[in-house]
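Letters A, B, ... are given to chains in the order of the sequence lines, protein chains preceding strands, and every chain is numbered from 1.
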4 protein chains.
Amino acid sequence: MQARADSVRNRRLLLRAATEAFAECGVDVSMHTIAQRAGVAKGTVFRHFPTKDDLLAAIMMQLLDRLREAADRFLRADDAGGALKDFMAHGIGLLAADRAFCDVIGRPSLQHADVREAIDRLCDTVEDLTGRAREQGAVRGDITGTDIVLLLGGIHQTAQPLLDREPRAWERFLEIAFDGLRARDRATLPHPPPARLRMADPSGASAPTGK
Amino acid sequence: MQARADSVRNRRLLLRAATEAFAECGVDVSMHTIAQRAGVAKGTVFRHFPTKDDLLAAIMMQLLDRLREAADRFLRADDAGGALKDFMAHGIGLLAADRAFCDVIGRPSLQHADVREAIDRLCDTVEDLTGRAREQGAVRGDITGTDIVLLLGGIHQTAQPLLDREPRAWERFLEIAFDGLRARDRATLPHPPPARLRMADPSGASAPTGK
Amino acid sequence: MQARADSVRNRRLLLRAATEAFAECGVDVSMHTIAQRAGVAKGTVFRHFPTKDDLLAAIMMQLLDRLREAADRFLRADDAGGALKDFMAHGIGLLAADRAFCDVIGRPSLQHADVREAIDRLCDTVEDLTGRAREQGAVRGDITGTDIVLLLGGIHQTAQPLLDREPRAWERFLEIAFDGLRARDRATLPHPPPARLRMADPSGASAPTGK
Amino acid sequence: MQARADSVRNRRLLLRAATEAFAECGVDVSMHTIAQRAGVAKGTVFRHFPTKDDLLAAIMMQLLDRLREAADRFLRADDAGGALKDFMAHGIGLLAADRAFCDVIGRPSLQHADVREAIDRLCDTVEDLTGRAREQGAVRGDITGTDIVLLLGGIHQTAQPLLDREPRAWERFLEIAFDGLRARDRATLPHPPPARLRMADPSGASAPTGK
DNA sequence: AATGAATGAGAATTCATTCAT
DNA sequence: TATGAATGAATTCTCATTCAT
C-alpha cells in the first residue's frame, strides 16, 4: 500500500489535465489528448476512469463539490442576501473556467448516481443559503435553491460569448439577475419553482442520438 | 433550367432536415443522418454545403434571421417595454426547440463572416427595440440590444435542464431577468455594456480544437 | 444503378480475401488485415459488412450454401450410399481449406438468422441424401442428415493436425467413419439422433466471455 | 524456504484457475481474469508463465499427461478392445470439458518442445494400448495410436455443437467411430497411418498470425 | 517474491469528405 | 447534377507485457 504514490499523483494529473482540456476544447477532446496533456499513456487514463463518461462524471463531481463547499462557507455570513449573491459570484467564476459545462448538460455522465447525488447535495446546501435570504426578505418568497443553481449556469452562459474579451462581463448579468430575484411588491413568478434537477432522461425520445 | 429548380428544392429540404436533426440530436448528428432525413444522398449535402460547419452556419443564420424578423415585427408595437419582453419570450421559444444551440457556441461555424453579419444585424434591430424601451423608461438606461441578445441564450440555458419535464420553465427565468432589467432607482450596472459580439477567436488559444 | 460495378467487384474481393484470411489465420485476423488483403480501405469493409460478425456470417453462409449445392447434386446419383460418401468427401475437402471453421463454432455469427436458415437448409438436403442411403440399406437405420453434417466437421478436425504434411489424411478418417455408419447387424447407437443444430446459446452460462 | 512454498502453491492455483477459465471461456480470456480467478495479482501470473502461450502450453501438457495416465491405467485391462474404447470415452470426456481445446489447435503454444514431447509420450502409450487391441483382433491391423489420439479430438469436435443441449452426444459418435475401427474383412484404409504429430509449423505459410 | 500501476500496440468502428460513375 | 462507394484519419477501449515499489 505504498506503490500508490505514483497512482495518486497520476490521478491528480489526469483530473487537472482533463478539467483543462474539457474546459478549453469541450467534451469532444479525445482521451488521447487528455492522456498527453497529463503526461501519461492512454492506458493509464482508462485504468483510472474506465470510460470517458466516468472521467466526465469525476470532473463534474469535482466542480459540484467545490460549489457546495463554497455554499457551505457562505452559510456562515450574517447578511444572507449578500452571502447569496457572493456565492453566486464565486460559483459563476468557477464555471467561467469551464467550457465543457454547457456541453455536459444532458450527457450520460449526468446519469451517474454519484453526480446526481452531488447535484442534490449542492441544491440542498444552496437551498439553505437561499432560505435564509428569503427569510431575511432579501429575495422573493418563491425563489428556491434550485433556481439559484440553475441561474449559476445560465448567467455564466449569458456572458460566455464575451468571455475572451471581457472575462468579467458576467458581473453585469449577475447584477441584473440578482436584481430580478429581490423581494418586492411583485406578483408571484409565472412558472412554479423548478423540481429537483433530474437532468436528461436516458430513454430515447427526449434526447435522441440520431446517428 | 430545370436543374436549378431541383437544386433550390434540395437546398430547402436540406436546411429543414438539418435544422430538425441538429435541434433534436445536437451538433454530433452525422451528415449521413441529415442526408437521409432530407431524402437525398450524402454527396448532395456536400454539394450544397462544402463542410459540416458551412451547414451549421447556414442554420445559425436562419435562426438569427428569424429572430431579427421577429424583432422587426415587435418594433411596431406601441408599448415598447411589453414588446421587448414579448420578443424575448418569442426568441427563447425558438431557442428552446434547438438542442444544438448550446453546442454551437464557440464553434468555427460562428466565425463565418455571414454569421457574424447576421448577428450584427440582429443586434442592431434588437438595439432599436431596446432603445425604445429605454426611452419609455421601461428598462434601465444602460441596457443595450446586445445585452438582450445575450440574455436570450442565457435564459434558455438556465431552463434547459428542465426542458424535458417542464418545457415552459423558461418563463420563470424570463420574468426574473426582465424584472432585473427594469428601470428603477438603482445604481449603474457593474460592468460596461457588452461590445459588439465577436464570438470566439479562431486563432488558437481561446478555442483550440485540441485533438 | 451502374456505379455498382466497382462495388460488386469489391464485395467479391472482400469475401475472397476474408475467406482466405480467416482460413489461414483463424477468426482473430483483424478487419484491417482483411481490408489490406482485399486491396481496399478499412472503411470499405465496413460499408459492405457493418460488423465483423456480419462478415463471418456471410462467409459461413457461402460455405454452407456451397455444401448444400453439392448435396443437391449428389441427390441425383443412383447409388445412394456411394453418393453420400462422395458428398462427405467433397464437403470435407471444402472444410479443409478453412481454418476458421473450428473457431467459428459457437460464435455469435452463428446466431444470425440467415446462418441458422442456411444450416437448416443444409441439414434438410443432407437428410434427403441420407434418407435414400438408409432406404437402400447403405447406412444404419438411425443415422440422420444432422449426423452427417456434424461428421463433416468432425472428420475434418480429426485430420487437421496433419493437414500441412498430409493434406489428404482425412480420407483415412472418412473411411473409418463411413465404415461405422454402414448398416449391419448391430444394436442401435447409444445416444439418440441429434436434434436440429441450434449451436451455442447466446445467454451467458454455457459460453461465457469471462473477460 | 518459505517463499518457495508460496510459489508452488500459487503455481497450482494458477494452473487450476487457468484451466477452468480457458475451458469455460476459450483462449481469449484475459490474463487479468485468470489472475483474478486464481486470487493473485497479474504480475504473479507472468512470473510463473512469461507469456500467455506458455500458460496455454502448461495447461495443454496437463491435459496430455492426464490422458497419458489414463491410457496407462487402461493398459492393465485384459480385454484390450474394451480398454481402448473405454480410454477413448474417458479421453473425450476430458476434452468435452474444455472449450479451449479447439481454439488451441495450430497455436504457437503447440510448438513448445515440452508440449510436443507430451504429445509424443501420449501417442506412445496409446500406441501400446492400440497394439494390444490390434493383436487381439479388436481393431483393424493398420490402426495406430496416433489415429486414436486424433480421433479423440475429432469425435469431441463432432459432438461439440450439441454440447450445450446434449452433453453426452459424443457417445453416439464414439460408437460410430469405434465401429469403423473394428477389424473386419475390409480392404486396407485409403491413406497410410498418420506420422508422428508435428502440429502446425511455426515458420510462416502454414499458420500465419496475419495481423 | 508479489503487487498492481503504467505502457502502448492494436482492435473494431465511425464519419466527414472525396471522387468515379 | 446527383449518387453513393471509397477513403483513411480519428476515436474509444482492451490487453499482454513491463517495471517500480
Side-chain angles (χ1 to χ4, degrees), chain A residues 1-11 28-35 39-55 211, chain B residues 1-4 6-7 10 28-36 40-55 211, chain C residues 1-11 28-35 39-53 55 211, chain D residues 1-7 10 28-36 40-55 211:
Chain A
M1 288 284 166
Q2 184 86 23
R4 260 29 176 288
D6 275 34
S7 184
V8 167
R9 186 175 141 275
N10 274 343
R11 188 170 219 280
D28 285 338
V29 238
S30 73
M31 293 297 259
H32 176 73
T33 303
I34 291 171
V40 303
K42 240 183 326 173
T44 305
V45 188
F46 287 96
R47 157 167 284 275
H48 288 274
F49 307 96
T51 70
K52 192 177 183 177
D53 274 327
D54 290 329
L55 177 53
K211 293 304 169 74
Chain B
M1 286 248 182
Q2 178 64 34
R4 192 51 87 72
D6 265 28
S7 181
N10 274 346
D28 285 338
V29 238
S30 69
M31 293 297 259
H32 174 74
T33 303
I34 292 170
Q36 261 185 205
V40 303
K42 246 194 312 181
T44 306
V45 187
F46 285 92
R47 166 164 300 276
H48 287 276
F49 306 96
T51 72
K52 193 176 183 178
D53 273 325
D54 290 329
L55 176 54
K211 294 302 167 76
Chain C
M1 288 280 167
Q2 183 86 23
R4 257 35 174 283
D6 275 35
S7 185
V8 167
R9 186 174 141 275
N10 274 342
R11 189 169 217 278
D28 285 337
V29 238
S30 71
M31 293 298 257
H32 176 73
T33 303
I34 291 171
V40 304
K42 241 183 324 174
T44 305
V45 188
F46 287 94
R47 157 166 284 276
H48 288 274
F49 306 97
T51 71
K52 192 178 184 177
D53 273 328
L55 177 53
K211 294 303 170 71
Chain D
M1 287 248 183
Q2 179 64 37
R4 191 52 84 78
D6 266 27
S7 181
N10 273 346
D28 285 338
V29 239
S30 71
M31 293 298 260
H32 174 74
T33 303
I34 292 171
Q36 260 185 205
V40 304
K42 243 189 323 175
T44 306
V45 187
F46 285 91
R47 167 164 299 278
H48 288 275
F49 306 96
T51 73
K52 193 177 183 178
D53 272 326
D54 290 329
L55 177 54
K211 295 304 170 72

Seminar exercise, completed: The nucleotide from F:dA16, F:dC13, F:dT3 with an atom nearest the side chain of A:Thr51 is F:dC13
Seminar exercise, completed: B:His32 atom NE2 is separated from F:dA6 atom C1', nearest whole Å, by 15 Å
For this session: Verify the contact: side-chain N or O of D:Asn10 to OP1 or OP2 of E:dA1, cut-off strictly under 4.0 Å; return yes or no.
Result: no
Exercise. If each of A:Gly43 and C:Phe49 is mapped to the nucleotide of DNA chain E with the nearest heavy atom, which maps nearer the 5' terminus, i.e. the 5' end?
Worked result: A:Gly43
Problem set entry | Nucleotide E:dA9, atom P - distance to NZ of D:Lys52 in whole Å | 20 Å
Exercise. In whole Å, what is the span from the CZ atom of D:Arg47 to the P atom of F:dC19?
Worked result: 13 Å
Problem set entry | Separation of atom CG in C:Asp28 from atom C1' in F:dT14, rounded to whole Å | 13 Å
Problem set entry | Nearest-Å distance for atom pair CG/P, residues B:Leu55 and E:dC15 | 16 Å
Problem set entry | 5' priority, DNA chain F, between B:Val40 and C:Gly39 [closest heavy atom] | B:Val40
Exercise. F:dT12, F:dA16, E:dA12: which one has an atom nearest the side-chain heavy atoms of A:Lys42?
Worked result: F:dT12
Seminar exercise, completed: Side-chain atoms of C:Ser30 come closest, of F:dT12, E:dA11, E:dG8, to E:dA11
Seminar exercise, completed: When rounded to the nearest 0.5 Å, the distance separating NZ of D:Lys42 from OG of D:Ser30 is 8.0 Å
For this session: Can you tell me the pairing partner of E:dT3 across any strand shown, Watson-Crick or G-U wobble, with both distances under 3.5 angstrom?
Result: F:dA20
Seminar exercise, completed: Here the gap from B:His48 atom NE2 to B:Asn10 atom CG, rounded to the nearest 0.5 Å, amounts to 4.5 Å
Seminar exercise, completed: Contacts of D:Ala41 and C:Met31 projected onto DNA chain E by closest heavy atom; the upstream (5') one is D:Ala41
For this session: Send over the distance from C:Ile34 CD1 to E:dA11 P, rounded to a whole Å.
Result: 11 Å
Exercise. Picking from F:dT11, E:dT17, F:dA16, which would you name as closest to the side chain of B:Phe46?
Worked result: E:dT17
Problem set entry | Minimum-distance nucleotide to A:Thr44 side chain [options: E:dA6, F:dT12, E:dT13] | E:dA6
Problem set entry | Spatial distance of atom CD1 (A:Ile34) from atom CE (A:Met31) [nearest 0.5 Å] | 6.0 Å
Exercise. Can you check the C:Asp6 CG to F:dT3 P distance for me, whole Å?
Worked result: 19 Å
Exercise. Quick one: is E:dA1 close enough that its OP1 or OP2 comes under 4.0 Å of any side-chain N or O from D:His48?
Worked result: no
